[in-house]
*Asks:* 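Before we start, here is the structure in question, set down as structure tokens.
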Amino acid sequence: MLLTLYYVAATWVQSWRLSAMRARITQLLGCQGSLVLYKEPPADPSEVQGPLMLGVSSSCCTNRADARVGDLLLYADGKRACSVFPEQHVDVSRWISFRSEGGAFPIEMRGQGAELRDDQRFHVLVEADYLHATSVRDSNYCQLEQFGTLRVWQAGDVFRLILETDVEHLTTLGSRFMTGTLSIDDGMELVRIQSIKVEGRPCLMLHTESIPVTRSPARQGEEAAQRSPGEWRVGVQMSPVQWRSHLELLQSFTQAAKRVTCGEEQVLVGGHTSAALVAGTQPLGLHSPTVIAVPEAAGPHEEKSIDSFYSLTEEMDDEMPTKNGPSPIPEEEQPASPRESKSSDSFCSLGSASTVSVTSHCKVPPRQVRAFSSSASTKPPNVLVYSESSVALDNARTVLHATLQPDRYTIYPVSQGALLQAPWAEHTALLVVCGSLAAALAPAVLGFLLRGGRVLCLCSDLLSVMLPAFHTAEVRERELVRFSYARWHQVRLLHHIFCYQASPARSRFSPKEAQQPPTSVQVQDAEGHAHTLRVQVLGAEETWHTPSLLLASVSGGEGCVVFSQVHLEVDPAEYDAEESNTARLEILADLLSTHLGLVCSTRVELPAYTPGYFLGRHEAKLQFLVSLKSRLEHDNTLQLTRLSLQFCTAKGVESPRATAALLPILVHACPTNFSTIEYFDSLQSEVLGRLVIFSQVMSSSMDVLTGARLQHGLAVVPCVQTRGAGRGDNVWLSPEGCAMFSLQLHLPLASYLGQHISLLQHVVALALVTSVCGLPGYDALDLRLKWPNDVYAGSSAKLGGLVVHTVLEGATAVCNVGLGVNLDNRTPTTCINEMVAQLDGCPPPLSRERLLALTFTQLEVLLNAVQTGQVQHVLDQYYSFWLHTDAEITVVGPRGSSQKATVIGVDDFGFLKVRGQDGAIFSVHPDGNSFDMLQGLVAPTIK
């Protein structure tokens, strides 16, 4: 009887689990994300930076670098189930189509796959470890045709195939993968199942009848044919020679597919076969259109809503069987709490959003603040550099860093895709184009110019687009030519291959063709409207007096572009050791300041790196060093990913010189420029910030924490950073006067924050503003939070931001939080103490030590509140600093359709929650652009 009850309970729980997983898959696939189930690889901290976690998405995904983990859905027995955004793509041009009739190659398959629902088809990537396969068919064998149709395959570092399946079959396959070991063909263990979107045309196999049969003959006999589908080939072993030949054959086909994509019409595979591969003619599509429908659960008069991707483990907490016994059967079904209530009527066909404002879904008393007035810019302006040449890109960035005023501009490389799609123009002070420009980019650059943008073209063919009336002629490539500009005369620099007008040196041009450049030209914008560009010659080559520097300004507007046919980005030392670099830098600085409106200055030398100081209670410091003992080298050096830390414990001994790669840390000394008394007197936390590594000048505080699990609550505080890290590839300007820290947090994956890591950045930002505004006399300070990770002065100027990198180690999420906020530096925007000076009552300015101590104290309070179930209380505080109120977003669908939606708050994972025009509530997440996360928000595409 007891066994019967156990069986009933276990069956009920398993059925419930499948139902929950099925609903999650349906929801996630409709929200333009990917479901990833994978076996945890060996720990490699350098591969995971989190929320950008490269180890989660497959290495074959073309947009793997953009993958952000939404949340951890399930973690069990070394396997993880995650949601990843955006949806991951795989290019199958180098893959090979399966034969529709089945067979034994590349893996054994029995013809057609499972019967799938036409309205729920999608593609799934399956990876198996074939290099370490046992060549033995055992009871773990999984016949994939039972779960869908095998479409394409390749054999690289792992054996990969793409399966066309549906929600029901993926639910079953995923459940079996997470709860046991599955293998295909001769003991190849499955290590990954991931929903994807495919692109490209796979290769086709010809003359497949010549592929040698590497299976044992017994497998092809009647005994195998008599097996049931579930027993297909179980228990049969391939000989070592057969297995080795089979692996070589798989790899030969994959290599041949690469040659096909390089342009060869037909490639013989070789390796004891006359089979061949040819390029495919049809893209890999679905046999039926995909329409993922979210099940309707709300009644006709109920509010339409759908929460973001809640954790499967949370749903199962009360229902999962324990290791020691069955899960109890609930006596009575309890009504769901508001957070657990999940319903949805419909999703709109949504994609990316433009401008965004946010409004809270809860009633929060308005804060009484003093309006802050400042003439500062909203954000540090960007200088974007585009080049198809990595050498030219590096040269341009180097010379711009050497010319522009330090800590005023952020200099980014920009890709073709970002220029075409990302919202880059609004905060761009200058666009630099080096060399060739793709034709597709010309309209975007021209539009930026006509709207008032500034452009610097260094030896770029953009000239023919902007100034089509100009004649061009070839000169000797990379020729040293003397030219003059303003007060600089006879400057000898490297010229480009083009001149701006016909050169008398070329006989094919008649003297009549040589003419002075026109003083104006007409150009048309994307709508066909005509605009006039005024043209001025700034500098000319000395021999034939052809223009070397041109300025084109938009008539009646602020836009202007400087064309330079002189390689101002190249140091003369690269081609002539005798030439001075001074004139080049001075000319570039004059062009940037006089004609393009940027602020330049003589570049001072970078500040010298300084040693660090280990601050905290003596016992706590010693305990920390003891915990590191097994990882320290003989000289007390800890090797990290980007930096080495050397703990100097000897008193009276001179420490090694600090460099960008080495940070000596003095254990028994105190700094003169950081008040430990004020800091620890203000610090009321129990753990956070109790141990501090302080340095006047370091590369980046995040480098001190990256690559090692150190200690929960350890803080790193610099005064100046030489390469501050922002979100993604962004740069964080780190001038003196900016309050900065990095903090390592260890969050159990079983905790609320462990399952909602993306919410952490909001909690940290809230801790900063509440720690300041909670002080007597500072409560009217108009500090605001802009989703997702920016701190603003009112609604006008950015004060700071933060970044969170996460590494999953076993059952713990190691989160490195980096935060910087302008405290005393009024450039490049404004600072907190400038705001404090405008408050009534004249409260004193905040010191760096007090601000950091208060932030750590408040953060510990907020983290404890979230982890103990007081999430709504924390969100209520967050909404009281909400930057945007009662505004709308425009959501643009993948086919160009758009719809207005109102932002009503954040969901359980910190993503924006919005209400569509039809009343449906859904979550949106960023599209990965590096310029403004509030522009380009992605929402579900669901019917």
Side-chain angles (χ1 to χ4, degrees), residues 50 612-625 627-628 665 674-695 701-702 704-706 708-718 739-748 751-754 756-757 759-775 789 791 800-807 809 812-821 823 846-868 870-871 873-874 877-878:
Y613 295 86
F614 198 15
L615 311 178
R617 289 190 307 107
H618 180 71
E619 297 80 1
K621 292 192 293 184
L622 293 183
Q623 185 177 3
F624 173 76
L625 293 176
S627 69
L628 294 181
I665 300 176
F674 185 87
S675 174
T676 56
I677 294 177
E678 182 178 14
Y679 173 78
F680 285 107
D681 282 351
S682 303
L683 185 67
Q684 302 299 316
S685 64
E686 294 184 4
V687 178
L688 300 192
R690 284 293 169 183
L691 286 180
V692 177
I693 297 175
F694 169 82
S695 178
S701 58
M702 294 295 280
V704 181
L705 303 178
T706 300
R709 179 172 177 171
L710 298 175
Q711 179 163 315
H712 176 66
L714 174 65
V716 182
V717 177
M740 300 165 284
F741 70 81
S742 291
L743 183 72
Q744 187 166 104
L745 302 175
H746 298 172
L747 305 177
S751 67
Y752 186 89
L753 273 176
H756 303 76
I757 293 176
L759 189 63
L760 177 61
Q761 59 185 336
H762 306 303
V763 179
V764 176
L766 178 62
L768 173 68
V769 296
T770 53
S771 66
V772 176
C773 295
L775 293 173
N789 56 1
V791 180
L802 65 102
V803 62
V804 180
H805 291 170
T806 302
V807 176
E809 290 193 7
T812 302
V814 180
C815 303
N816 294 329
V817 179
L819 184 146
V821 61
L823 180 61
L846 289 169
S847 68
R848 174 185 55 210
E849 292 83 351
R850 189 182 185 195
L851 175 64
L852 296 179
L854 293 174
T855 300
F856 295 148
T857 301
Q858 184 65 11
L859 178 58
E860 188 170 273
V861 172
L862 293 176
L863 291 177
N864 289 337
V866 173
Q867 297 289 54
T868 55
Q870 303 176 56
V871 181
H873 173 69
V874 173
Q877 295 184 65
Y878 178 79

*Asks:* Between F741 and F856, how do the two ring planes meet: parallel, tilted or perpendicular, split at 30° and 60°?
*Replies:* perpendicular
*Asks:* Got a list of side-chain donor-acceptor pairs under 3.5 Å for residues 612-620, not counting sequence neighbours?
*Replies:*
| residue | atom | partner | partner atom | Å |
| --- | --- | --- | --- | --- |
| R617 | NH1 | E619 | OE1 | 3.4 |

*Asks:* Please identify each residue that fulfils side chain to side chain contact (heavy atoms under 4.5 Å, CB included) with S695, with sequence neighbours left out.
*Replies:* T610, L663, M698
*Asks:* Side chain of H712, backbone of L745: donor and acceptor closer than 3.5 Å?
*Replies:* no
*Asks:* Could you list the residues that satisfy side chain to side chain contact (heavy atoms under 4.5 Å, CB included) with S685, not counting sequence neighbours?
*Replies:* L683, L688, R690, T857, E860
*Asks:* Report the residues that fulfil side chain to side chain contact (heavy atoms under 4.5 Å, CB included) with S627, sequence neighbours left out, ordered by chain and then residue number.
*Replies:* F624
*Asks:* Provide the closest heavy-atom pair for T855 versus L851 in the form atom of the first, atom of the second, distance.
*Replies:* OG1-O, 2.8 Å
*Asks:* Nearest 0.5 Å, please: how far is SG in C815 from NE2 in H805?
*Replies:* 11.0 Å
*Asks:* How close do M740 and G820 get, counting heavy atoms only, and between which atoms?
*Replies:* CG-CA, 4.0 Å
*Asks:* Once you round to the nearest 0.5 Å, how far does OG of S742 lie from CG of L714?
*Replies:* 10.0 Å
*Asks:* Side-chain contact test, heavy atoms from C-beta onward, threshold under 4.5 Å: evaluate it for L863 versus L760 and give yes or no.
*Replies:* yes
*Asks:* Between Q867 and S751, is any side-chain donor less than 3.5 angstrom from a side-chain acceptor?
*Replies:* yes
*Asks:* Could you measure the distance from the CG atom of L691 to the CD atom of Q623? Nearest 0.5 Å is fine.
*Replies:* 9.0 Å
*Asks:* Please round to the nearest 0.5 Å and tell me the distance separating atom NE2 of H756 and atom CG of L753.
*Replies:* 8.5 Å
*Asks:* If the condition is side-chain hydrogen bond (donor to acceptor under 3.5 Å, both in side chains), which residues does Q870 pass it with, not counting sequence neighbours?
*Replies:* T868
*Asks:* Side chains of E849 and S682: any donor to acceptor distance under 3.5 Å?
*Replies:* no
*Asks:* Atom OG1 in T812, atom CG in L747: separation rounded to 0.5 Å?
*Replies:* 8.5 Å
*Asks:* Taking side chain to side chain contact (heavy atoms under 4.5 Å, CB included) as the test, write out the residues that go with L854, two or more places apart.
*Replies:* S771, L775, R850
